[in-house]
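This report concerns only the one structure given below.
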Amino acid sequence: MVDGGSSVDVCPLSTLQRMKINTNKIRPSNICIRAFDGSMRDTIGEINLTMTFGPFDFEIVFQVVDMETSYNLVLGRPWIHTARAVPSTLHQLLQFEHDR
């Protein structure tokens, strides 16, 4: 999920486990995040993962959380800025109209 309001990229621990990624790669971090329900949650730590989007690979630092989620990953502003992505469908529509 892409969330332009998120100041961190988030990976649930369950996602790492399903991907069979060694959790020993998680480094300590002192990050506390606000969950979608408004509660404050400490992270387990952070992990670097390489993600492929189309022909591009991105090294992304994810904050790892141990909580039930309805998503596999949250790509927030750190990834959006690195990828120079624009998550707004309105912006894409205006760009399409401009290019015509």
Side-chain angles (χ1 to χ4, degrees):
M1 176 171 73
V2 176
D3 181 1
S6 179
S7 60
V8 294
D9 300 309
V10 180
C11 178
L13 180 61
S14 59
T15 298
L16 293 177
Q17 292 167 335
R18 282 194 311 273
M19 293 170 59
K20 297 187 181 354
I21 293 175
N22 188 342
T23 56
N24 290 338
K25 294 182 179 185
I26 299 172
R27 300 178 306 278
S29 69
N30 292 330
I31 303 288
C32 184
I33 63 170
R34 184 173 305 276
F36 288 117
D37 65 3
S39 64
M40 297 300 290
R41 302 289 182 103
D42 288 323
T43 62
I44 296 172
E46 62 186 25
I47 190 168
N48 288 45
L49 298 175
T50 301
M51 307 292 293
T52 302
F53 298 92
F56 304 103
D57 289 338
F58 294 92
E59 181 84 12
I60 304 172
V61 178
F62 285 97
Q63 298 303 315
V64 181
V65 294
D66 188 10
M67 58 189 278
E68 293 295 319
T69 64
S70 59
Y71 55 84
N72 294 317
L73 299 167
V74 172
L75 295 171
R77 288 191 309 264
W79 175 79
I80 292 169
H81 293 286
T82 298
R84 296 182 165 188
V86 179
S88 169
T89 55
L90 176 60
H91 180 275
Q92 293 168 349
L93 176 62
L94 293 174
Q95 185 65 40
F96 173 76
E97 291 295 325
H98 178 267
D99 291 345
R100 289 176 77 193

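One-based numbering along the sequence shown. Atom set for the values below is all heavy atoms of this structure, side chains included, hydrogens, waters and symmetry mates excluded. Computed from a predicted model, the values in this text were never measured in an experiment.
The CZ atom of F62 sits 4.5 Å away from atom CG of L73, with the distance rounded to the nearest 0.5 Å. With rounding to the nearest 0.5 Å, the separation of CG in L16 from CG in L49 is 6.0 Å. Atom CD of E68 is separated from atom OG of S14 by 6.5 Å, given to the nearest 0.5 angstrom.
The number of heavy atoms from other shown groups lying within 6.0 Å of CG (N30) does not exceed 12. Within a 6.0 Å radius of CD in E59, more than 12 heavy atoms belonging to other residues, nucleotides or ligands are found.
Summarising the geometry of S7 relative to R77, their closest heavy-atom pair is CB-NH2, 3.2 Å, with the distance given to 0.1 Å. The two residues P78 and S6 come nearest to each other via the heavy atoms CD-O, 4.0 Å. Contact detail for L75 and I80: the closest heavy-atom pair is O-CD1, 4.3 Å. For the residue pair T15 and N72, the shortest heavy atom distance occurs at OG1-O, 2.8 Å.
Using a 4.5 Å heavy-atom cutoff, the side chains of Q63 and S29 are in contact. Looking at heavy atoms from C-beta onward, D9 lies out of side-chain contact with V74 at the 4.5 angstrom threshold. By the 4.5 Å heavy-atom criterion applied to side chains, V64 and I47 are counted as neighbours.
Between the side chain of T43 and the main chain of I31, a donor-acceptor pair closer than 3.5 Å is present.
Note on ring orientation: taking the six-membered ring where Trp is involved, the planes of W79 and F53 are tilted (angle from 30° to 60°).
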Practice task
Take T50 and D57, measure what side chain to side chain donor-acceptor pair (under 3.5 Å) needs, and give me the verdict at the end.
Solution key: CA-CA 6 Å; T50 301; D57 289 338; over 6 Å; no
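Hydrophobic clustering (side-chain heavy atoms under 4.5 Å, transitive across Ile, Leu, Val, Met, Phe, Trp, Tyr) keeps V61 apart from F56.
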